[in-house]
There are 2 protein chains.
Amino acid sequence: MPHADKAQPVFRALADPTRRAIISMLADGARPIADIAAEFQMTRPAVAKHLAILRDGDLIRVEPRGRERINHLNPRGLKTAARWINLFDRFWDDRLGKLKQVVEEKS
Amino acid sequence: MPHADKAQPVFRALADPTRRAIISMLADGARPIADIAAEFQMTRPAVAKHLAILRDGDLIRVEPRGRERINHLNPRGLKTAARWINLFDRFWDDRLGKLKQVVEEKS
DNA sequence: TATTTACGAAACCTTTTGGTATCATGTCAA
DNA sequence: TTGACATGATACCAAAAGGTTTCGTAAATA
């Protein structure tokens with residue numbers, strides 16, 4: 001392999017709907033695990049695993065606070081994904097019309 | 001529940017490094033399957049599966065052309081992912097982020 | 001001190017994912 | 001028409017993902 005894929009842990013983290021919901025949730029304020037788990041129909045260990053994956057993608061940061069661990073949203077992780085996607089910005093403008101034309105001509 | 005997650009098939013498609021590589025590849029020009037498969041160390045059926053998932057996420061479009069099927073990058077799919085991520089744009093601004101922190105500390 | 005609370009960690013299970021090999025079908029070319 | 005080519009479709013497999021239950025431990029509290 002030429003180089004490790006830096007975006008991989010981020011996109012992996014974003015692939016699960018529960019994890020994206022957690023991201024949205026944390027955007028409204030940092031919260032401890034049990035508090036997050038209460039919002040879902042799954043056990044706390046399951047949510048803890050999702051948080052570990054989000055941490056691996058650098059999408060959240062943990063702040064230990066007494067016996068609690070507060071989970072904060074980390075914007076930089078999302079920015080990594082945004083940067084990758086934005087590599088294709090040029091297609092959203094000049095090529096959109098042309099692709100549509102090509103596809104439709106053949107059908 | 002409230003609404004199906006429209007972004008799910010897109011983020012699922014983006015989660016695999018091979019599929020992201022295919023997207024980059026198609027950004028440089030539409031290509032038939034065998035042509036794409038030649039670039040990877042895996043069999044054609046494996047690549048065909050990846051293409052099916054990309055199609056499911058509306059990230060590519062197929063144009064049948066004789067006995068070939070040309071795969072085109074579809075910008076709209078990527079835009080779906082970009083829109084979701086950009087919901088969190090406000091966090092990318094350091095000043096806003098710090099302000100948010102301060103406000104939360106008061107509560 | 002004894003107990004509850006908030007969490008991590010391990011073992012385990014089922015489903016999904018990413019890959020393979022193989023075969024069937026439509027299209028081009030000799 | 002015969003044969004090669006490009007692809008789709010199916011069956012199968014190992015590993016990863018997503019979930020559970022159970023247990024261990026540090027911090028707050030009665």
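Numbered from 1 within each chain, the chains take letters A, B, ... in sequence-line order.
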Sugar-phosphate only, base, or nothing, as touched by B:Pro45 at under 4.0 Å among non-hydrogen atoms
base
With the threshold set at under 4.0 Å for non-hydrogen atoms, list the residues of residues 33-43 of chain B touching DNA chain D in residue-number order.
B:Ile33, B:Ala34
Using whole Å, report how far CG of B:Leu14 lies from P of C:dT17.
15 Å
Salt-bridge test for A:Arg31 and A:Asp28: reply yes if a basic N is under 4.0 Å from a carboxylate O, no otherwise.
no
Approximate separation, where rounding is to 0.5 Å, of A:Ile23 CD1 and B:Ile85 CD1:
8.5 Å
Are the side chains of A:Pro17 and B:Phe11 in touch, meaning some heavy atoms are under 4.5 Å apart?
no
Going by atom types alone, do B:Arg61 and B:His72 pair a side-chain donor with an acceptor below 3.5 Å?
no
Rounded to the nearest 0.5 angstrom, the NZ-OG1 distance for B:Lys49 and B:Thr18 is 13.0 Å
Quick one: B:Arg69 CZ to C:dT25 C1', roughly how many Å, whole number?
13 Å
Examine the base of D:dG8 for any acceptor or donor lying under 3.5 Å from a partner atom in the side chain of B:Arg44, and report the outcome as yes or no.
yes
When B:Pro32 and A:Arg12 are each assigned the nearest nucleotide of DNA chain D, the 5'-most assignment goes to B:Pro32
Check the phosphate of C:dG19 against B:His50, side-chain N and O only, distance under 4.0 Å to OP1 or OP2. Yes or no?
yes
For the side chain of B:Glu39 and the backbone of B:Met25, is there at least one donor-acceptor N/O pair under 3.5 Å apart?
no
Non-hydrogen side-chain atoms of B:Trp84 and B:Asp5 separated by less than 4.5 Å:
no
Specify the separation, in whole Å, of atom CZ of A:Arg20 and atom P of D:dG18.
11 Å
Between C:dA9 (C1') and A:Leu51 (CG): distance, integer Å
15 Å
Interatomic distance where CD1 belongs to A:Ile53 and C1' belongs to C:dG8 [whole Å]
16 Å
I need the A:Ile33 CD1 to A:Leu51 CG distance, nearest 0.5 Å.
5.0 Å
From C:dG18, D:dG18, D:dT22, pick the nucleotide closest to the side chain of A:Asp16?
D:dG18
Between B:Asn74 and B:Asp58 (side chain of the first, backbone of the second, donor and acceptor by atom type, cut-off under 3.5 Å), is there such a pair?
yes
In which ranges does DNA chain C form stems of 3 or more consecutive Watson-Crick or G-U pairs, distances under 3.5 Å?
C:1-30 with D:1-30
B:Arg44 side chain vs B:Ala37 backbone, donor-acceptor pair below 3.5 Å
no
Strictly distance-based, threshold 3.5 Å: is any side-chain N or O of B:Arg20 a donor or acceptor partner for the main-chain N or O of B:Leu14?
yes
Taken to the nearest whole Å, CD/A:Glu68 to C1'/D:dT25 is 16 Å
Carboxylate-amine/guanidinium proximity below 4.0 Å for B:Asp16 and A:Arg12
no
Polar-atom pairs under 3.5 Å, protein N or O versus N or O of nucleotides 27-30 of chain C: list them with distances, or write none.
{"unit_1": "C:dT27", "atom_1": "O2", "unit_2": "B:Arg67", "atom_2": "NH1", "d": "3.4"}

Tell me: NZ of B:Lys49 to P of D:dT7, nearest whole Å?
18 Å
